[in-house]
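Since the structure comes first, as structure tokens, the remarks are kept for the end.
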2 protein chains.
Amino acid sequence: MATTGTDLSRMREMNQLSIVWALRGNPPSTVTELAARAGLSRPAVDVLVQALVTDGWAEVEEPGASSSVGRPARRYRFRADAGHVLGIDVGVHKILAVLSDLEGNLVGTLRRPVDPDAPPGARLSEVDRVVDDVLGAAGMVPADVWAVTLGVTGPVDAAGRTSFSTPLPGWTAADPVAHLAARFPCPVRVENDCKLSAVAERWNGVAQDADDIVFLLAGLRTGAGLILDGTLRRGHGGAAGEIGALKAVRWLTAPDHLQSCPGIPATAAPGEAAAWVFQAARDGDREAVKAVRRYTRDLAVGVAALVLTLDPQVVVYGGGFSRSADVVLEPLRRELTKHCLRLPELRVSTLGDESVALGAVRLGLDEVDSRLLSDGLSAPTAPHR
Amino acid sequence: MATTGTDLSRMREMNQLSIVWALRGNPPSTVTELAARAGLSRPAVDVLVQALVTDGWAEVEEPGASSSVGRPARRYRFRADAGHVLGIDVGVHKILAVLSDLEGNLVGTLRRPVDPDAPPGARLSEVDRVVDDVLGAAGMVPADVWAVTLGVTGPVDAAGRTSFSTPLPGWTAADPVAHLAARFPCPVRVENDCKLSAVAERWNGVAQDADDIVFLLAGLRTGAGLILDGTLRRGHGGAAGEIGALKAVRWLTAPDHLQSCPGIPATAAPGEAAAWVFQAARDGDREAVKAVRRYTRDLAVGVAALVLTLDPQVVVYGGGFSRSADVVLEPLRRELTKHCLRLPELRVSTLGDESVALGAVRLGLDEVDSRLLSDGLSAPTAPHR
DNA sequence: TGGATAATGCTGAGGAGTTTACTAAGTCGG
DNA sequence: CCGACTTAGTAAACTCCTCAGCATTATCCA
């Protein structure tokens with residue numbers, strides 16, 4: 001416990017930060033409201049918020065039509081557009097970039113398909129183009145960005161590299177952090193896609209109330225991201241949640257039960273095959289129901305291992321198959337009941353395939369916040385590495 | 001992020017706490033040393049530490065023989081004996097109570113065997129007697145104790161009750177918190193034994209440097225305790241680490257491979273049977289080696305599930321079988337290599353069977369510290385619930 | 001005995017937040 | 001239209017904390 005002594009200036013810094021947090025995410029607020037929220041006296045808040053205005057963190061809204069009795073109050077608003085963060089989802093088939101202001105409002109989104117076989121170099125060039133376009137559309141340049149987070153499949157180490165297998169062809173040789181760092185002076189971070197989805201579900205999704213969350217990515221690939229005690233857990237080497245690597249857990253081959261179901265139209269693509277099977281199962285097709293049950297049984301072993309290890313409050317069912325959750329959730333629940341001591345809540349993701357990019361944005365915002373905490377707030381400018 | 005505003009008095013409180021932490025666990029210190037450690041100026045430390053002395057948190061040591069040139073400095077010492085915490089291990093065969101001062105120095109230890117078939121009431125009465133004796137030997141009464149932590153086998157919920165199975169006969173009907181709360185006015189907590197062992201290994205044991213730890217309890221019972229990012233993880237319902245409940249993980253029956261090894265002397269008790277097999281394996285007995293390998297194989301599946309889920313830095317091999325780690329560790333390592341993406345360090349516990357009680361003490365000390373942080377430090381007295 | 005060294009004690013300066021009182025700017029009711 | 005009431009903004013007095021600097025004190029060594 002290395003608590004270090006505090007002096008006046010640090011105290012003022014902390015109080016100013018608490019004003020920022022009282023300001024942000026709220027409608028324009030009066031000094032009195034801020035004082036109540038931050039637990040400070042009105043005069044103190046007054047000078048602090050005025051300092052924020054002169055620094056550029058906040059702006060004044062002169063009193064307009066008053067709605068109640070008494071002198072109308074000046075209101076202060078957090079300048080969410082003082083900075084922006086960028087979240088990028090590098091998938092096998094698509095690249096999705098999301099630009100957000102400091103309050104988490106999305107100010108730009110751009111999705112572009114990419115050749116599934118594209119080598120890392122081409123994929124990163126495509127990332128550059130998508131990023132340029134989404135920044136250009138918002139009238140910004142890379143120097144305006146305060147944090148960049150990139151999501152990829154496969155476990156990511158502390159340096160942002162993917163050493164083990166990943167569906168992205170050749171990606172183990174890529175160094176995405178170096179690539180992005182050459183273009184962005186701000187902090188750059190790479191993270192696993194399941195982990196980012198988990199973060200997104202807690203931020204904007206279906207698990208906002210929970211502190212212990214397992215996000216289950218169910219699709220042609222199966223994976224998991226963990227949030228414990230409210231924060232993303234990466235593990236010592238960044239490989240937390242990779243239970244699918246265990247042979248006894250048949251996550252790798254679980255989707256095959258769907259692909260090999262008799263009756264799938266020959267013309268269907270892999271992704272559509274699964275969707276067809278789910279629909280058939282929904283319609284009562286015996287073979288399809290059996291295939292879904294086999295899939296669920298394999299899925300459940302891994303989920304049970306996660307649940308028994310972590311005892312989460314919520315398991316979020318996400319990924320491509322979450323659209324067909326209605327035919328999967330009940331069998332999954334039954335299987336889990338067999339395996340687990342205490343059944344967590346099962347919820348279905350609603351964020352769709354934007355969850356990775358959203359989680360990336362959230363992680364970028366967290367990075368900004370932790371910078372503010374450690375460095376204090378001077379004038380709002382993009383942090384450097 | 002609910003940062004609340006700070007004023008001067010809170011600042012002083014924080015600084016005083018930082019002095020306490022600079023004082024504690026160090027030899028008697030001069031004001032200058034404290035100032036350096038706490039990052040405060042000398043005059044500030046001076047008044048703070050004098051306040052601590054008048055409150056009773058610290059005591060003065062007048063300058064004695066000076067060891068170097070210059071005026072000899074007054075030294076201040078943390079009054080570790082201002083309060084004490086109690087850690088109790090309620091095992092199947094024994095009850096172990098450890099009494100510690102506020103610095104974590106053990107001032108009393110008492111172990112007493114208990115009938116393995118004793119019902120909860122008798123077991124708790126025995127706990128009372130052991131506690132009375134260890135307190136009596138130290139010349140203390142229950143009101144002198146600042147925190148009590150009790151360790152039991154089986155998952156423990158937030159109320160301190162064990163709802164699932166446990167080797168302690170009838171324990172699911174027991175309410176140990178209520179029982180202890182009737183005798184101790186201070187905070188009382190009950191925790192799972194594996195979790196406490198994990199805490200102890202990080203405090204005083206073999207994993208002091210690690211932040212992500214899996215403690216593996218290997219004995220007639222198999223279990224696990226998890227430390228992630230430096231703090232104990234309990235899970236939402238307190239059942240984190242219970243991977244052994246998964247059927248695919250054969251932890252329940254794994255020790256049977258040892259019990260059923262041919263050649264065990266008929267006279268051996270269950271615990272001695274395993275020891276005999278380990279010794280025989282050490283001596284090269286083919287059957288024994290095979291039995292150990294079968295045991296290890298079953299053990300490894302569960303460990304692999306934990307490792308893949310959490311990606312820890314260290315796995316600590318503890319429990320009764322850790323005395324025979326030399327014949328288990330290598331096969332275990334081989335098995336894990338087959339299953340895992342990244343092999344964590346494997347270390348052998350050195351704390352022996354005191355680890356549960358030690359972990360309980362540590363949790364009590366943490367409880368005291370968090371009280372100080374939230375309530376500030378008035379005169380040192382036992383906190384109430 | 002005198003000089004060097006290092007700790008102690010004291011005083012004043014400066015900064016931050018709180019309290020209190022007062023002024024300004026609205027609404028509401030007669 | 002005017003006065004009572006309510007709420008916001010502002011300024012001064014006050015308290016509390018830390019810090020810097022200087023004088024004082026105690027010990028060792030030559």
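A, B, ... follow the sequence lines: proteins, then strands. Residue 1 opens every chain.
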Under 4.0 Å between any heavy atoms, over every strand shown, what does Thr32(A) touch: base, sugar-phosphate, or nothing? Just pick one. sugar-phosphate
Taking only side-chain nitrogens and oxygens of Arg74(B), does any of them come within less than 4.0 Å of OP1 or OP2 of dT25(D)? no
Out of [options], which nucleotide sits closest to the side chain of [X]?
X        : options                  : answer
Thr30(A) : dT18(D), dG9(C), dA8(D)  : dA8(D)
Asn15(A) : dA7(C), dT18(D), dG17(C) : dG17(C)
Ser41(A) : dG17(C), dG9(C), dT10(D) : dG17(C)
Ala73(A) : dT18(D), dA8(D), dG26(C) : dA8(D)
Arg42(A) : dG17(C), dA8(D), dC17(D) : dA8(D)

Are the side chain of [X] and the backbone of [Y] linked by a donor-acceptor contact shorter than 3.5 Å?
X         : Y         : result
Arg234(A) : Ala240(A) : no
Gln208(B) : Asn204(B) : yes
Glu103(A) : Gly25(A)  : yes
Arg362(B) : Gly104(B) : no

From [atom1] of [X] over to [atom2] of [N], roughly how many Å is that when rounded to an integer?
X        : N       : atom1 : atom2 : result
Glu62(A) : dG26(C) : CD    : P     : 11 Å
Tyr76(B) : dA7(C)  : OH    : P     : 13 Å
Glu13(A) : dG17(C) : CD    : P     : 12 Å
Met11(A) : dG14(C) : CE    : C1'   : 13 Å
Leu48(B) : dC16(D) : CG    : C1'   : 12 Å
Leu40(B) : dA20(D) : CG    : P     : 11 Å

List the steps and the verdict of salt bridge (Lys or Arg N to Asp or Glu O under 4.0 Å) for Asp366(A) and Arg189(A). CA-CA 12 Å; Asp366(A) 290 346; Arg189(A) 179 168 171 184; over 6 Å; no
DNA chain C nearest-nucleotide lookup for Leu8(A) and Pro43(A): closer to the 5′ end is Leu8(A)
